[in-house]
Each structure stands twice: as C-alpha cells, then as structure tokens.
Amino acid sequence: MFNTNNLPTLAALAVLALVGLIVAIYLAIGLFQARSLIRREFSAYFLSPIAYVVLVVFLVVTGYLFFLTLGLLTERGPDGAEFPMRVMLGDGYFWLVFLFIPPLLTMRLFAEERSTGTLEQLMTTPLREWQIVLSKYVACLAFYVVLWLPTLVYLPVLLDLRAPVWNLNAFTPWAVILLAGLGVLLITVVMFLLQLGTTARIVSLVLLLLGGVAVGVGVYGHYWLDGEQVLRITAGIDPMPVLSSYLGVFLAGAMFLALGIFVSSLVRSQMVAALVSLVLCLPFIVPGFWRPSLGSDDLYARVLDFVAVPVHFSRDFSRGLVDTRHLLLYVSVSIFCLFLTVRSLESRRWS
Amino acid sequence: MELKAKPRSRTAARLHFAVRFFLLTALLVAGVGAVLLAAQGTLPRTLEELRPHWEKIQSGTAEVSTWLVAGGLAVFLVCLLIEGLIGLRVVAGRRSAFGFNALVQVGLAAGLLIALNVWSFSNYFRFDWTWPDPATGVGRFTLPVELREQLAQLQDETTIVVYHRHRTFGQLTDKPDPEDLAAASKVVEKVQDLVEQFREEGRRATTVTPKFRVVILDVNERKAFRQKLEEETRDRPALRAALDQAPENSIFFVSKAGGDRETVQRLTFNEFYQLDKKASLEQENLVLLNQGVEPFARRILNADEKKPRIAVATIHDLLSTEGAGDYGLRGLKKTLESYGFETQDLILKKARGFQLLGAGAYTFAESRFDRLENEIKILDMQARNLQRMVDTNEATWNDLKTMSLKDLSKKYARQLRGSEMDEEERRRQLRIFETIVTEQKEDLEAYRQERDRRIADRDKLDVDDATELQRMTDLEAKMDRILADCDMLILPRMTFRNLNLLDVITPTIYRLEDAQAAAIRKFLKKGKPVLICFGPSIEPRTRFDPENSGPEPVEKMLSELGVQFGKTVVLYDAEAAAFAGQGADQAQVLGANVAVPPVEFEWARGDLWPKRTEEGTLQPNPIRRSMVLAENSIAKRLDLPIRYPRPVYYEPQEGQKLTFEPEILMTSASAWNEAQPFPTEERSPRFEEPKPDDPSIGTRDEKRHGRFSIGVAVEAPLPGSWFESGETNPGAVRMVVYGQGGAAQNQGSLITGDQLTPAQEKLLLTTCNWLLGRDDRLPRDDRTWSFPRVHLDPSKVFLWQTAALVGLPAVFLYLGLVVLMVRRMR
C-alpha cells in the first residue's frame, strides 16, 4: 500500500492532519466557551416528541435488519452472512429510511429560532456565529450518536462474542497504562457529574484527553504487542467491519446533519427545511440504487460510486474496508456546509 | 450594523427582471433542444461532434432542435453577461463589500471542496481492516505482498474479461440445488472482489506498474452485453472464439506478451473457489474450497507461458485425436486444447487403409498423407480398370447398334455359342448393354469424385515437415525427433470394444517394435511424463498367435519401473446377466445398455489387493485426492463407468520409498476378474470360485470378487541400468497408468469418443496437470471458506430477535410517552 509513488499523497495527508489538529484545538476552545448552548440544544432533543419518534422508527428499522442478520447467522443451510454489518447497512431499505433522519433532527435548529424570533436574541449573546453553528451541530451530532448507541446491544451476536476470560498473571506495562487511562477517564466522568467550577472543568478536559491517549496506547500495546492479555474477549466474527461501519455511519451522519443544518439556517419553516435537506441528501443516496449492477472501468460509474453512500457501505465500510475517498467526501462536505451555515448567519448582518 | 442597499428605480428593476427572465427562459429552451437532439441521437459529446451542427447553422440547414440549443445558449450567454455586469456594479458599491467578501469566500470554499474531492478521486488509500488471512498474512481484500511485487514488474497491459454466463457449477451436475446456486452467487461475489483488487492495482498504474483493464460481460445485461461483446472482440478473434467456447462463468486474460501475438487464457470461477457440497451438507453451511489468488495471478504473470505439448501415440490415424467416432480421440483433443494444452499425434504403424503393414513413426499429417496417397493410387487403378471395361462395353454396344445381324453373329459367335443373332436378341442385348454402360459410367464418376476428394484432403495437409521426416529411416531416431518438442506422452490402447460381440483389437495389432519402445524409454529418461492407457491384453483362444505371445516391449519396460498389469479383465456383476443373455432386450444381450457401476476414488482401508503393509500411512494420491474433492463438490460419486478394464498394480522398486499411495481409482466391489472373458457356446463369463488347483491362486491374477485397482500414479525412479556412463539420470519420472484405453462410446470409455463427459474431462485434466508438474493447478482443500455462524438455541434466537425488533423500540417509546406526559403536567 505504501510505496514511493504514494509519497506526495502521504505528505499532503500529513500536512492536512497537522492543520486539522491546530484547527481542532481552536474549535475545541470555542466549543468549551459555548458549552451552555450545547447543553441546551442537546437536552432539547429529549424534551421533543419528534426525537423519540425518530428513535423508535430508527430502532424498529435496525431491529428488523438485526432480525434478518440473526436469521442468516443461525441459518441451517447454504445461506448466511459473511459480513453481518453488510446485511444491516448495505441494505437499500435502510438508507431509504435513514434519508429522513438527518432532516428531522436538523430542521428545527435554526428554522425554529427564526420562526419564533429567538435568533436575534441568540445572535446578541457573546458568542460568534461559528460558535453558535458548531454548538448546535455538536448537540445534534451527539443526539445522532445517542441514536446509534442502543444498536451496540446487537454486538454480542454480530461478533459472536464469547464469555470474557481473566488472566491476572498477564499484567504488563501496557496493561498498566491501559488501566491507568481507564482510571483517569473514570475520574473525569466523576468530575463532570459533580459540576465543579471552570478550572476543574478545564482540568477534567485535560484529564479526558490524557486518559483517552493512555487508553489508546494501552489498548494497542496490550492487545497487539503483548502475548497474553488480562482480559480477553474472543469474537467468532471479525470485529473490524463493525468498527469501520460505526466509523462510516458517524461520518456519513455528520455529513447529512451538516447539510440539514445549513438548510435550516436558510428558511423559517421547519417543514420546508426538512424537505429541502431531504432533497439535498438524495444525490448521495440515489446513485446507490441507480447504477450498473456490475462495476466497470468507465468514469461515469466511478463518479456515481464516489458519491453513493449506500455503495460505500455495502462495498467498503461494512466489510472492514476504509477508503480515504469516502472519509474525505464526508468530512469536506460537512465542513463546507458548516462554513455555509456560518456565512448564512453572518449574511443577516449585511443583507 | 446592518447595511441597507441603495433603492433602485422602477425601470431598472423591471429591466433586471427581464434579463433574469430571459436568462431562465433561454436555459429552458436550450434544455428542450438538447433533449430533442439526444432523442435523435445527435447530441454532440465532443468538439468534433459539434462541428457538423455548426456547419449546418452557418448554411442555414440546421434542424429545429439545433436552433433551439444554439439560440437558447446565445441568449443565455448574453443575459449572463448583463447579469455579470450588474453584479460587478453592485460589488463595486461600498455597501456590498461584506456580501462580495462572503461570496468570494463561499466560491473559494466551493472550489476547494471540489478540488479536494477531485484530487482524492484518484489519490486515495483503501485500508483493509479485516483480520489477516492465515495463509497470506494480509487482510481479505489485500493482495499478498509478493504478488504485488511481481505485478509491479510487469510491463504489458492485460485485459481481464469477466464473463458471466450465470452458470458456475453446471459442469459436473446438471440439476443445480440450493448449495450450487448459493455457491455460484458467492463465487461471483468473490471473483468481483478479486477483480476489484486487480483493478485497484491497475489504477495505481505508472510507467512501471502493470495496467489492468477490466471488462465485465454479463449475459443478463442483454443489450449492453452484445454491445460490449462487439466492442471487445472486434479486433480480437481469439478472444471471441474463447468466449464462444466457454461453457460456464469464466475469466479471460488477454495480453500481448512478448510481441504482437495476443494470448488468451481462461480461468473458470471454479478454479478460484470450489464448492464442497459434501461438507456443506454435513455442516449445514456453505463450504467453499479457496484455491487462493494464485490461479488468477498466474494467468497474468505467465501470459506468455508456453502451452504444454502432449504427444498422443496411436497405431492408426483413425484412432488418433483427429479420428472421429468410437475409435478416435477427438474429445480428448477438444478438452485438452480448450484448457490450454497442445496436442501432437504420433502414428506408430504404417497402414494401407485399415490394414496395418508394420511399425512406423509418423505425424498425423505424414500418416494421413501416406494413406491418402495409397488410396488415391488404388482409386486410380480401379478407375482405370473400370474405364477399360466401359470402353469394351461401349464398343460392343456400338456394334450392336451399327452392325448387321449377320456380322454380329459372325463377330460374337463364341458368345452366341453357335446360335444366330436375331433382331429380338439384338434389342435385348442393346437394353442390357445400355444399362451396364450407364451404371459403369456412374461408378466411374463416383470413383473420380472420391479420388478428387482424397486429393483435396491430401493437399490440405501440411506436409513440408512430414516430407523431411519421411526421409528418416531410423525408426527410433524418427520417433525421438517427433517426441522432442513434446512435454508429455499419452499412449492409449483400446483393446476391448464389445466383448459380447468379440469386438476386440488384439495385442498383436498393438505390439510395438523394440525401437519404438526404446524411443519411449529415451523420452522417459529425459524425465518427461507418460500417461499409459492400456486395455486388457487378452486374445480369444481362437485367435491366439503363439509367435506374438511374448511380453510386449512397452509393458516390459513399464514392469522395470514397477508397473504391473494384471493378465485378466475386470467384469461387473451387471455384465454377467448380459453375457448369459438374460437381458430384457437385444441391445443388452449384445452388450450395450449394460450399466456398469462407476469407478470409485474412495475405498476402505484393506480393500487393496494385494495387501500393502504401509497402506494408510502414506499421503493420499494427489490425483485421487483431487477427484475426491470433485466428488465432494457434487456430494455424489462422479459418473465415470469404465468397462473392460484390466487391473494395474505398482510394486516399488528395490529400495524405493513411496511418498504417496499409487492407486488412483478402483472398480466397485461388484466386480470380478476373468482370464478368458470371451463368451463361448459352452460358457458365458460369470464369477466362479477358483478351483483349489488353479495355478493363479496366490498370485496377483487370482480369480476373486471385489475391488480392483485400475489406475496408478507414481513418481518412478529411473533404473540406473537405463543410463550409460555420461548420461544424466533425472532421478524419477511421473507416470500414470490406467487399465483401459477406450471402449464403445457411451459404454464406459475412459478417453475415446467425440466428446468427453465432465467426469472424463476432470480425470484427464487432473492427470495431465499432475504429470506435467502443475500441482498448483490441482484443487486444494487446505483453505476452506464458510459463512460465520452464531450457535444459539432457538429460544435464545427468538428472545434476541424479539428484543431487537420490539423490545428496544418499546423502551424508547415508553420513555418518549413519559416525557410527553411530564411536559403536559407542567
């Protein structure tokens, strides 16, 4: 995969990663300043009936797909599911239902503020436009994550997980780092729950970062480099496609939500916002159904594949393949839409 | 502070509206025109295609659709220009500075978005996160590193044509069941994945990496299929021929390796993944045998690989690979050539028609040329004789017509035996002679036509090489010369065609000269493999020829290598009834329609005869193992009946240690062996326990009922005594010996006939691949693939499914209702 021909690409990616890191730190500080708005927006979802309707419909659909997947995994015959996540996320019907979820989650974000006249009030807060947009977006994204959390319940079956095996003789430095990281993360959670002062919150954020890094390093060292592990949970089915699938749904969802938030910033009516964002999402879904059944080398089919999110899932993410084209598409469209949203809010100042 | 735009005049606003209205209308008109052009099939896609439209507009002969597009675009551009000017004016204003700034930013961001994605479209990585395959050490969607390195060395472009006929496992089974269909669909998916990996390699192409162009031809795509087929095969007749011949889903590799000559190699989907139906049924899953990426890669890496050349040595050109019907090996040739082998006939006897005159060594062309020459000579001679007779009879007829009765009586006095010719007799003779002359002339014409046909056949033969060979008189040298280019030799001998009718070709006819055996020995001494298919060497007592009853030189040579032929023929219980005439119909009495059981590739330990001490401790025979895998793919025995075989045994040479079991196949247990199997008035063949004083008791040829080994495959060490000082002994030679060389078609033949059955093809190809050292082409079972399964009892499955489908949504519905009630309460 890596050879001298890829060097320019690698260099470009490294530069992008560095720039991205600097921007991420800047944005994180901005978000920290707007934490009240995030909290307000996030909790608003749980007070709205539409969010529960979305949750229930989403879980019925994923539950039905899990029903089918389990049927294939326990089949007695020549049928089955080589990649269980493919049955769940590679199915066209899933994406037809999914198409409605981001618009429903984003339609109210700015359109409601506009229609009720609270947008002017929001704009007078000591927050800049990008902080407002990003706060609403993060809250929306967090709810989207919450939407997916119940599906983790399916994992023991989708991965054919076996009972955990403890081996207390397998403590290594990597295991200690992992445990320390987990401990720090636990402390961070407690500090967040206690609702301490600003300094304590900053400390807890730093601890969160350190704990996350320690856990990451510890997991890699203990589970990839060490011969034996303290806690071993074996899976009968390759877990990596599950990981890549969740990465994919997170990023694809982020893209659709960004599209929705942009549309919401343009109109007053929530219904119009939902419909327009649904239409804007269509180009990313429809090519998944409307393309030649077999791949070919011509540009036309490749471009269709490039934008078709269902194809990305049926061919790549759900089978453990992570393609940088898809990642870049999702991230770039998300950033572009958020940028447009910020400009859309700013335009109120000069239009 | 919000900036306000300067209010515009009413006229300016109306003008601006008009410009925008025309802009939109012009766009709509151009769109309608484009649709009309597309419907006519004249929508230009390139600048070249635009030219004729432009010329028509200039000459004023353009159609309405062209005018709509041209006019619409012209108005659109003018309006756009005006709109741009208006925009510039607005931008130039101080109040629009923020807006313009934002617009530029949005434009730049959009440009960046597009540029970034266009760049990523062709510059990307695909990370394979799947668990590494234990065999390759890389993920399931990654080509092995060594293979990628090898591919990087390739310079030539390879076109990979994936041909979907939607028939994958149709070769060995004609009634696909759920396992076949599921396997077919999964293998198609696997092939597509692999093709995609190669396609990705191709897209990464630079000047040093190979280029792969992938074309998918799917017969289900009907119209597109025909169009693509025409495009791809227009200048590639070899590919077209290969596609036409492909009986099942296949992948073709087309390249111009090493020059302009285009090579086409075929790989069936089965060679990539093979169904193990037996294991599938046992495990209630789909079990496929993964043959690895190697068969696929080999076709690309070895595009210019020389085709193995196989010599087929028969005693008559009617028995050769050009010979049709029961006797010929046309089916063998067809199979070998369609799977990438070349064949070369070697005729071992000089023939005059069906009469064999003595030993020889001819290529097919040479033998046929020789035979045709003789036939032409005979036809010439017969025609000359007939012409003479016609001339004589015509002269007599003329006499009868022209001479007086008196002169006739005088001239033909001897024929008239003293009587006088009268008018009535003359008329009668005239009628007779007219008939005779007419018939003889017709016969003469038929002879001439036959002769012309023979001459035409002779002229078609490529005899340049044959003429050179004809000058060689040393039999051994000549045979050696013909075999020099060959990588393998097949020596078939069909001896029994129909035992009931005593339709046998006796060993006397097959017997080779010592010089010919010496040439075969020389071939073996080079380490080149041989496939022997010798039927039973038994003659009816009535035809016994004591002069030719000694050991046949090739059989003698094979015995030096350890191959021992039984002196009996194996008959089946089913045949005993036919011999006894108990059959229901005449055909069965005559030996046809007797369904003999197919041969077996799996047998119980202890079934071998004679017993071998190391049985069960050796590796399984590679050909046998491959055939067992083929049987497993259909979960039943291969339909391969072999009639009138002779037992074949292998006795290791002194000091030789066997590495694998020599036996490939055995007859069923319902068989017995006969030393004199020919039915007579006194006795019809049937199994009888041997008498206590039977001399065969205790020998290999002891009369018994049970299984008989009728095929062995060995790596036989070449005896040191075969080599003179200075000659190099290659060590061992691969050899396969079957105890049958053919039988009447559809009656259990091993290799003869116009068309081989799938089972015959499988055995032949497996045998040839193994003999030629292409072990990697034999099916393997060390890597299996099956669907992952979760083992839960039905009650747990029900609980999981109910919890997922109803439980989780119900929990959140409950929560939602509670929240709603709480809010209402407030």
Side-chain angles (χ1 to χ4, degrees), chain A residues 1 5-6 9 46-47 49 52-53 55-56 59-60 63-64 66-67 70-82 84 150 153-154 157 160 236-238 240-241 243-244 293-297 306 316 319-325 328-329 332-333 336 339-340 343 346-347 349-351, chain B residues 2-3 98-99 102 105-106 109-110 113 116-117 120-121 123-131 139-142 164 178-179 182-183 192 196 199 204 206 213-216 218 221 280 284-286 786-792 797 800-801 803-806 808-809 812-813 815-816 819-820 823:
Chain A
M1 186 177 289
N5 299 325
N6 293 331
T9 313
F46 293 96
L47 300 174
Y52 288 98
V53 171
L55 247 171
V56 169
L59 287 174
V60 167
Y64 174 68
F66 175 77
F67 178 91
L70 183 55
L72 288 170
L73 287 172
T74 52
E75 174 82 36
R76 299 169 79 87
D79 293 319
E82 186 179 7
V153 172
Y154 308 149
V157 169
D160 189 20
I237 298 172
D238 189 353
M240 299 314 282
L243 199 63
S244 56
S293 57
L294 294 163
S296 65
D297 256 349
F306 183 76
D316 294 336
R319 303 199 301 165
L321 283 166
V322 178
D323 193 320
T324 53
R325 283 173 298 184
L328 203 66
L329 177 76
S332 62
V333 172
F336 180 66
F339 173 77
L340 290 183
R343 285 289 162 264
E346 272 183 0
S347 71
R349 293 189 194 279
W350 46 263
S351 62
Chain B
E2 194 170 289
L3 294 175
F98 285 115
Q105 284 183 21
V106 169
L113 172 80
L116 200 63
N117 281 289
S120 97
F121 186 68
N123 294 276
Y124 58 89
F125 297 118
R126 275 163 73 84
F127 297 99
D128 182 0
W129 285 8
T130 54
W131 272 345
R140 279 194 251 185
F141 301 103
T142 307
H164 283 272
E179 280 74 22
Q192 281 178 11
E196 193 57 37
R199 200 205 295 258
R204 265 188 267 274
T206 64
R213 203 170 67 83
V214 179
V215 180
I216 292 168
D218 186 345
E221 287 183 353
S280 299
E284 294 181 318
N285 197 333
L286 179 68
S786 57
F787 282 117
R789 288 283 191 250
V790 174
H791 300 284
L792 292 173
V797 171
W800 269 105
Q801 287 179 329
L805 196 57
V806 183
L808 268 179
F812 284 93
L813 185 66
L815 279 175
V819 169
L820 198 68
R823 290 195 72 188

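What you are looking at is a predicted structure, and each value in this text was computed from that prediction instead of being measured. Below, read A as the first sequence line, B as the second, and so on, with proteins coming before strands; counting in each chain starts at 1.
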Exercise. Where does L329(A) contact chain B at under 4.5 Å (heavy atoms): side chain, backbone, both or neither?
Worked result: both
For this session: Could you tell me whether a side-chain N or O of D238(A) sits under 3.5 Å from a main-chain N or O of W131(B), the two making a donor and an acceptor?
Result: yes
Exercise. Would you say the side-chain atoms of R823(B) pair up with the backbone N or O of L47(A), donor to acceptor, closer than 3.5 Å?
Worked result: yes
Exercise. Between V819(B) and L815(B), is a side-chain contact (heavy atoms from CB on, under 4.5 Å) present by the stated rule, with each step listed?
Worked result: CA-CA 6 Å; V819(B) 169; L815(B) 279 175; 5.5 Å; no
Exercise. Between G71(A), S244(A), P84(A), which has the largest tally of heavy atom pairs under 4.5 Å with chain B?
Worked result: S244(A)
Problem set entry | H164(B) vs I216(B) side-chain heavy atoms within contact, under 4.5 Å | yes
For this session: Return yes when atom CZ of F121(B) has more than 12 non-hydrogen atoms of other residues, nucleotides or ligands closer than 6.0 Å, and no otherwise.
Result: yes
Problem set entry | Derivation of the side-chain contact (heavy atoms from CB on, under 4.5 Å) call for L116(B) and L328(A) | CA-CA 8 Å; L116(B) 200 63; L328(A) 203 66; 3.8 Å; yes
Problem set entry | Heavy-atom pairs under 4.5 Å with chain A, option from V806(B), L792(B), V106(B), L813(B) with the top count | V106(B)
For this session: Sort V333(A) into side chain, backbone, both or neither according to what part of it lies under 4.5 angstrom from a heavy atom of chain B.
Result: both
For this session: Just give me the residue among P241(A), G236(A), A81(A) that pairs up with chain B most often, heavy atom to heavy atom, under 4.5 Å.
Result: A81(A)
Problem set entry | chain A contact via A110(B) - side chain, backbone, both or neither, heavy atoms under 4.5 Å | both
Problem set entry | Side-chain donor or acceptor of R789(B) paired with backbone N/O of E75(A) under 3.5 Å | yes
Problem set entry | I237(A) portion near chain B, given a 4.5 angstrom heavy-atom threshold | both
Exercise. So which of F66(A), F336(A), Y64(A) has the biggest tally of heavy-atom pairs under 4.5 Å with chain B?
Worked result: F336(A)
For this session: Apply salt bridge (Lys or Arg N to Asp or Glu O under 4.0 Å) to E82(A) and R140(B), showing your working.
Result: CA-CA 12 Å; E82(A) 186 179 7; R140(B) 279 194 251 185; 3.1 Å; yes
For this session: Flag the one option from G816(B), P788(B), A182(B), A803(B) with the top tally of heavy-atom pairs under 4.5 Å to chain A.
Result: P788(B)
For this session: Tell me, for T130(B) versus chain A, whether the close heavy atoms (under 4.5 Å) come from the side chain, the backbone, both or neither.
Result: both
Seminar exercise, completed: Cut-off 4.5 Å, heavy atoms of chain A, and the answer for L820(B) is side chain
